[in-house]
Amino acid sequence: MRQLAPQVLGTLVRRYGNFELSEDAVQEALLAAAVQWPASGLPDNPRGWLITVASRRLLDQLRAESARRRREVTAAALEPGGDLAAPSPGGEPGGQRDDTLTLLLLCCHPALSPPSQVALTLRAVGGLTTAQIARAFLVPEPTMAQRISRAKQRIKATAEPFRRPAEPERTQRLRVVLDVLYLIFNEGYTATSGPDLHRVQLTTEAIRLAREVHRMLPDDGEVAGLLALMLLTDARRPARTRPDGALIPLAEQDRSRWDSGAIADGVRLITAAMARAPLGPFQLQAAIAAVHAEATRAEDTDWPQIAALYKVLAGISPGPVVTLNRAVAVAMADGPQAGLDLLATLDADERMTGHHRLDAVRAHLLEMAGQPAAAQAAYRRAALRTTSLPERRYLESRAARLRP
Amino acid sequence: MKYMLLIYNNPATYQSWTEAARDELFGEVDALMKELTESGELVGGEALADASTATTVRVRGGVTAATDGPFAEAKEQLAGYLTIDCESQQRAVEIAARWPDARYFAMEVRPVMNTAGTEI
């Protein structure tokens with residue numbers, strides 16, 4: 001049912017031109033469907049049913065609004081065309097797809113902050129309720145409702161017409177969409193256990209939306225790269241935590257628990273994309289994940305290849321996080337000192353000042369280099385700085401294991 | 001990121017103020033709370049009863065000792081907190097600076113731990 005949300009919303013915005021109220025109306029129609037369909041059975045044309053119900057709600061809203069404004073608006077002017085009750089079954093497939101992408105581009109409008117882009121995308125395109133989104137982000141429902149309504153007001157203020165932007169803006173805006181989908185994915189993927197269980201749904205949702213975008217833009221290498229990266233990363237999820245939520249590092253994971261189906265999908269996608277599309281950061285990260293996935297045992301990992309891929313990534317998309325990850329690969333390929341030398345280049349980087357991850361990686365490399373005292377001190381510094389409970393627990397246990 | 005903003009003040013100072021001055025202070029707090037609610041940044045918060053009503057509890061050798069008064073003895077006491085979910089520590093500090101107690105006493109901004117984690 002939620003797959004229909006963007007199609008129904010797209011149809012409404014096209015007809016009535018009011019994104020804000022249309023989005024509310026679609027949300028109400030989805031709620032009505034969730035209540036009525038299990039009892040009365042699936043309608044013959046679910047999409048038509050949702051469009052009819054959502055249109056009625058929207059028209060009620062528009063009437064109430066115009067009455068409030070004491071304006072003379074005849075109901076006839078608001079009456080939709082004759083296709084309201086019965087949209088042709090299976091009709092306008094191209095239009096449906098266009099609408100999903102147009103909606104994604106609208107919800108990820110650069111005028112919105114990333115948390116607003118995420119919330120609006122999940123509601124308007126993903127069809128999740130405000131309560132579900134609030135639970136996933138561990139905030140009270142009114143806080144999330146406020147965030148969504150504010151995002152919609154801001155979109156209204158941009159007065160952007162409901163159509164795909166022209167090039168080169170379209171490509172730039174699509175990058176934002178991909179970043180937002182990756183953000184949603186990571187919110188779910190980094191969840192560990194217990195109170196975070198609702199967040200796992202975000203991973204599934206991000207993969208579903210990335211698949212949708214890939215279906216619409218099969219030749220875009222970065223879209224394929226993002227989808228592959230998500231599949232290859234998510235494949236490790238069953239092995240990355242203990243039942244109590246404690247983190248298991250990549251080198252110690254039980255690889256037989258990795259999802260081989262997702263790995264095969266991801267490898268096929270990234271291989272095809274890199275063969276024909278221009279390289280991009282998501283493709284390179286997916287390629288790195290694929291190299292990890294192809295090693296049956298941690299010691300079989302092709303670290304020189306991973307280090308080479310990071311070098312290319314650092315060339316096209318430089319940043320402290322890339323350097324940090326590259327330092328690990330370089331240490332594994334060329335020895336810990338080479339990795340530590342690369343890490344030293346981050347010491348003067350203001351973006352990394354006081355960041356626990358720099359100390360965490362340094363601790364690992366110092367441990368590899370046979371310097372337990374320095375490693376222990378670095379693990380402890382990292383443990384004090386992290387805001388993640390499972391990471392703190394992991395770092396403290398690494399520090400405790402060392403006998404300087 | 002979630003941050004807790006801890007509000008520290010000395011109630012005796014505010015008691016010596018005029019009614020009008022206190023009303024103005026409450027008005028400022030209400031306006032800021034409304035703004036944070038509307039921006040979708042406010043997660044929660046509570047005001048605490050005076051520190052003199054606190055009980056401090058210690059268990060030593062299996063024996064519980066409950067004493068009257070707060071854990072930390074100081075003129076400035078923890079008077080309440082608010083939890084916000086905002087984009088950066090810089091934004092959290094900006095909000096803390098606009099809370100009136102920051103002008104007379106202090107606000108402490110602390111990141112809240114989360115249960116998300118990335119393996120190495």
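Naming convention: chains lettered A, B, ... in sequence-line order (proteins, then strands); numbering from 1 in each chain.
- Between A/Leu389 and B/Asn114, the closest side-chain pair of non-hydrogen atoms is not below 4.5 Å.
- More than 12 heavy-atom neighbours from other residues, nucleotides or ligands sit within 6.0 angstrom of CD on B/Glu73.
- Counting heavy atoms from C-beta on, the side chains of B/Lys2 and A/Val139 come closer than 4.5 Å.
- Heavy-atom distances place the backbone of A/Ile248, and not its side chain, under 4.5 Å from chain B.
- Counting heavy atoms of neighbouring residues, nucleotides and ligands inside a 6.0 Å radius, atom CD of B/Gln90 does not exceed 12 of them.
- Between A/Gln253 and B/Glu119 there is a side-chain heavy-atom pair separated by less than 4.5 Å.
- For B/Glu24, the CD atom is loosely surrounded, since the number of other residues' heavy atoms within 6.0 Å does not exceed 12.
- The number of heavy atoms from other shown groups lying within 6.0 Å of CZ (A/Arg237) is above 12.
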Decide yes or no on side-chain contact (heavy atoms from CB on, under 4.5 Å) for A/Arg357 and B/Thr118, but give the supporting numbers first. CA-CA 10 Å; A/Arg357 226 153 162 83; B/Thr118 312; 3.9 Å; yes

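- With respect to chain A, the highest number of heavy-atom pairs below 4.5 Å among B/Thr83, B/Val112, B/Val43 belongs to B/Val43.
- The choice from A/Glu252, A/Arg236, A/His364, A/Glu187 that makes the most heavy-atom pairs within less than 4.5 Å of chain B is A/His364.
- Proximity of A/Ser388 to B/Met113: side-chain heavy atoms (C-beta onward) are nowhere separated by under 4.5 Å.
- In this structure, chain B has no heavy atom under 4.5 Å from any part of A/Arg393.
- If you tally non-hydrogen atom pairs under 4.5 Å between each of A/Pro115, A/Pro140, A/Ser113 and chain B, the highest count goes to A/Pro140.
- For B/Ser39, the parts sitting under 4.5 Å from any heavy atom of chain A are the backbone and the side chain alike.
- Residue B/Asp68 places its CG atom among 12 or fewer non-hydrogen atoms of other residues, nucleotides or ligands, all under 6.0 Å distant.
- For A/Arg401, the CZ atom counts as densely surrounded, since its 6.0 Å shell holds more than 12 non-hydrogen atoms of other residues, nucleotides or ligands.
- Side chain of A/Thr143 to main chain of B/Leu42: a donor-acceptor pair is present (N/O by atom type, distance under 3.5 Å, no hydrogens or angles).
- Here the closest non-hydrogen pair linking A/Arg147 and B/Asp85 is NH2-OD2, 3.3 Å.
- The minimum heavy-atom distance between A/Pro390 and B/Ala116, with the atom names listed, is CG-O, 3.9 Å.
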